[in-house]
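Let me begin by presenting the structure, written as structure tokens, before commenting on it.
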Number of protein chains: 2
Amino acid sequence: MSTVQGARARARIEVTAAIKDEARKQLATEGATKLSLRAVARELGMVSSALYRYFPSRDDLLTALIIDAYDAVGEAAEQALAKQRKAASPAARWTAVCRAVRAWALAHPHEFTLIYGSSVPGYTAPQETVGPAARVGLVLVSIARDAHHGKGIAPPPLAVPLRAEAERMAAELAPDLPPAVVVALVAAWAQLFGLILFEVFGQFRRVVEDRDPFFTHAAEQLARSVGLVLPA
Amino acid sequence: MSTVQGARARARIEVTAAIKDEARKQLATEGATKLSLRAVARELGMVSSALYRYFPSRDDLLTALIIDAYDAVGEAAEQALAKQRKAASPAARWTAVCRAVRAWALAHPHEFTLIYGSSVPGYTAPQETVGPAARVGLVLVSIARDAHHGKGIAPPPLAVPLRAEAERMAAELAPDLPPAVVVALVAAWAQLFGLILFEVFGQFRRVVEDRDPFFTHAAEQLARSVGLVLPA
DNA sequence: TCACGAACGAGAGCACCGCTCTCGCCCACG
DNA sequence: CGTGGGCGAGAGCGGTGCTCTCGTTCGTGA
């Protein structure tokens with residue numbers, strides 16, 4: 001029933017996409033705070049009130065862009081993993097995924113900021129965002145899972161004993177992995193984005209100049225921290 | 001000459017402080033994007049144009065708040081280090097500083113977001129911010145330096161060989177420390193804020209529930225990654 | 001001492017914003 | 001074929017950052 005929708009529905013999809021495209025363009029040049037419904041409408045030859053036929057509010061437009069951005073960075077990570085799949089070591093896959101996420105962030109800094117930077121502390125993300133938001137994390141988990149299950153090359157790498165609460169959290173998130181690996185995985189997930197955020201926000205200016213090799217090295221160390229690198 | 005300034009100068013200082021206080025209050029309740037000059041003026045019983053006698057623009061007000069926030073979190077880190085100074089192991093000092101930074105961030109989420117989150121990708125921070133912004137990093141460096149120089153307990157912990165550029169960067173930043181330690185230090189610096197940002201932004205919701213022990217564990221692992229933990 | 005000038009607050013006003021409401025139009029479905 | 005609902009246009013509301021002008025106040029240098 002959805003294959004050949006009426007012209008009405010098709011037009012709606014097209015206009016919605018055009019609005020998002022124009023909004024993304026303004027996002028890239030001006031940033032999220034400067035994104036203006038009126039400017040988007042103006043650029044599209046519409047009047048501002050017409051946009052409200054497609055998005056109930058400016059925040060809903062932003063939410064749509066957020067979901068798209070989560071999907072885009074998640075897909076970048078998944079494609080990087082797929083490209084590395086055969087015969088690459090877990091550490092090599094990990095690094096490739098990290099580099100892909102970083103590359104996407106540097107190519108779309110404002111969209112990356114939108115999802116990982118400027119979030120409002122009090123604000124609870126709408127339910128539709130949680131799925132797309134999890135994709136990068138799931139890619140990282142899958143690398144560890146493959147390494148642990150398939151070839152069994154990921155030993156629990158940690159010397160510091162875990163608290164009981166951490167054990168429980170690990171059992172909930174990924175019961176098939178050693179708790180220490182799960183905890184390290186979650187931490188590495190956040191730390192990866194710390195590295196990228198600092199680079200995107202310019203915190204490394206005058207501190208790290210050759211950021212590409214620095215990042216690669218840090219990503220490899222993260223892989224080590226999760227136990228993806230075999231002791232030599 | 002500056003001890004007993006005229007009454008006008010004192011009034012100016014007081015009004016400036018009152019503006020910043022009210023702005024901080026609104027920042028805490030509404031967030032940076034909703035901070036309104038007119039609302040601040042209204043609350044202070046002034047008219048909006050009067051604020052421009054004290055801050056040339058809204059962005060300059062925000063810059064002032066940014067500097068204050070950098071100083072506040074830097075001071076929190078420095079005080080945590082000072083409190084731990086005597087007889088504490090380098091790893092214990094490291095963890096204490098990390099926990100102090102996190103505690104400040106959780107207590108002032110909007111101010112933390114202002115300095116580490118919502119930064120505009122294209123925007124270059126004014127020169128006045130670089131000093132205050134460096135304070136937390138310098139505290140971390142000082143811990144590693146004390147450990148390396150004073151007691152020599154920080155062995156270069158890394159197995160992956162460094163690139164030549166990384167060696168050069170390390171020599172510029174802290175020539176008295178082993179390059180591998182400097183590189184790990186910079187990465188740990190960014191990763192620490194990745195952990196805190198994810199917690200402040202709610203990325204750990206439904207993922208990490210007992211965040212305090214999780215963070216402490218992650219901070220200890222970061223100390224390990226810099227070489228602050230002696231091999232058992 | 002006193003006049004000058006700088007700093008100050010008030011107010012009006014500009015251009016822009018998000019959002020609402022009403023109004024005609026026109027297409028698709030019953 | 002008639003009609004109801006989706007649509008775009010337009011006016012308008014209250015808000016924003018920022019500018020300019022105009023009296024007033026108050027410290028300071030002559």
Side-chain angles (χ1 to χ4, degrees), chain A residues 1-27 29-66 110 114 118 120 123 126, chain B residues 1-20 22-27 29-66 114 118 120 123 126:
Chain A
M1 59 169 81
S2 71
T3 57
V4 181
Q5 282 289 38
R8 191 79 293 111
R10 209 165 337 165
R12 173 166 250 278
I13 291 176
E14 274 177 24
V15 174
T16 304
I19 292 172
K20 288 205 289 187
D21 282 350
E22 178 59 34
R24 236 186 307 269
K25 196 183 303 176
Q26 295 199 11
L27 197 67
T29 61
E30 301 281 4
T33 68
K34 298 297 218 176
L35 204 178
S36 145
L37 278 187
R38 292 179 113 110
V40 170
R42 210 180 300 129
E43 210 65 24
L44 261 46
M46 312 168 82
V47 99
S48 72
S49 59
L51 285 200
Y52 287 82
R53 302 286 180 188
Y54 301 90
F55 296 95
S57 77
R58 180 180 181 275
D59 280 352
D60 289 272
L61 212 198
L62 277 179
T63 299
L65 296 181
I66 286 173
H110 287 93
L114 189 63
S118 63
V120 184
Y123 164 86
Chain B
M1 59 170 80
S2 70
T3 58
V4 181
Q5 280 289 40
R8 65 254 138 248
R10 210 167 335 175
R12 172 166 252 278
I13 291 176
E14 273 177 25
V15 174
T16 303
I19 293 172
K20 289 204 289 185
E22 179 58 34
R24 234 187 308 270
K25 197 183 301 176
Q26 295 199 9
L27 197 67
T29 63
E30 302 281 5
T33 68
K34 299 298 220 175
L35 204 178
S36 148
L37 277 187
R38 292 179 111 110
V40 171
R42 209 178 301 128
E43 210 66 24
L44 262 47
M46 314 169 80
V47 99
S48 72
S49 59
L51 285 200
Y52 288 82
R53 302 285 179 189
Y54 302 90
F55 296 95
S57 77
R58 181 180 179 275
D59 280 352
D60 289 272
L61 212 199
L62 277 178
T63 298
L65 296 181
I66 286 173
L114 188 65
S118 64
V120 183
Y123 164 86

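Lettering follows sequence order; numbering is per chain, from 1.
Proximity note for A:Ser36 (side chain, C-beta onward) versus C:dC17, D:dT16, D:dC20: the nearest is C:dC17. Considering only the side chain of A:Ser49, D:dG10 comes nearest among D:dG10, C:dC17, D:dG17. In this structure, of C:dG9, C:dG18, D:dT19, it is C:dG9 that holds the atom nearest to the side chain of B:Tyr54. Candidate nucleotides D:dC18, C:dA10, D:dG15 were compared by shortest atom distance to the side chain of B:Ser57, and D:dC18 ranks first. The listed nucleotides are D:dG15, C:dT20, C:dG11; the one nearest the side chain of A:Tyr52 is C:dT20. Distance from the side chain of B:Arg38 is smallest to C:dG13 among C:dG13, C:dC8, D:dG15.
In this entry the distance linking CG of B:Leu37 with P of C:dG9 reads 14 Å, nearest Å. The CE atom of B:Met46 sits 16 Å away from the C1' atom of D:dG17 (whole-angstrom rounding). In this entry the distance linking CG of A:Leu35 with P of C:dC19 reads 12 Å, nearest Å. Between B:Asp60 atom CG and D:dT19 atom P there is a gap of 11 Å when expressed in whole angstrom units. Put simply, CZ on A:Arg10 is 14 Å from C1' on C:dC27, counting in whole angstrom units. A straight line from CZ of B:Arg58 to P of C:dC16 spans 18 Å, rounded to a whole angstrom. When rounded to the nearest whole Å, the span between CD1 of A:Ile19 and P of D:dC7 equals 10 Å. Between B:Phe55 atom CZ and D:dT19 atom C1' there is a gap of 19 Å when expressed in whole angstrom units.
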query: A:Leu61 and A:Tyr54: side chain to side chain contact (heavy atoms under 4.5 Å, CB included), yes or no, with the steps?
result: CA-CA 9 Å; A:Leu61 212 198; A:Tyr54 301 90; over 6 Å; no

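For A:Asp60, the side-chain hydrogen bond (donor to acceptor under 3.5 Å, both in side chains) partners two or more places apart in sequence, or in a different chain, are A:Ser57.
The two atoms that bring B:Lys20 and B:Leu65 nearest to each other are O-CD2, 3.9 Å, heavy atoms only. Shown here for A:Arg58 and A:Thr33, the closest heavy-atom pair between the two residues is NH2-O, 3.4 Å.
Counting non-hydrogen atoms under 4.0 angstrom, A:Leu44 reaches nothing in the nucleic acid. Among the atoms of the strands shown, none is found under 4.0 Å from any heavy atom of B:Leu51.
Considering only heavy atoms from C-beta on, A:Val15 comes within 4.5 Å of A:Met46 through its side chain. In this structure the side chain of A:Tyr52 reaches within 4.5 angstrom of the side chain of A:Leu37, judged on heavy atoms.
In the helix from C:dT1-D:dA30 to C:dG30-D:dC1, the terminal helix axes, each the rotation mapping four pairs' C1' atoms onto the next four within five end pairs, subtend 10°, rounded to 10°.
For C:dC8, one of the phosphate oxygens OP1 or OP2 lies less than 4.0 angstrom from a side-chain nitrogen or oxygen of B:Arg12.
We find the NZ-CG distance between B:Lys25 and B:Leu35 to be 12.5 Å, quoted to the nearest 0.5 Å.
For the pair A:Arg53 and B:Val15, nearest-nucleotide mapping onto DNA chain C gives the more 5' position to B:Val15.
Checked by atom type and distance alone, the side chain of B:Arg12 pairs as donor or acceptor with a backbone atom of B:Arg53 at under 3.5 Å.
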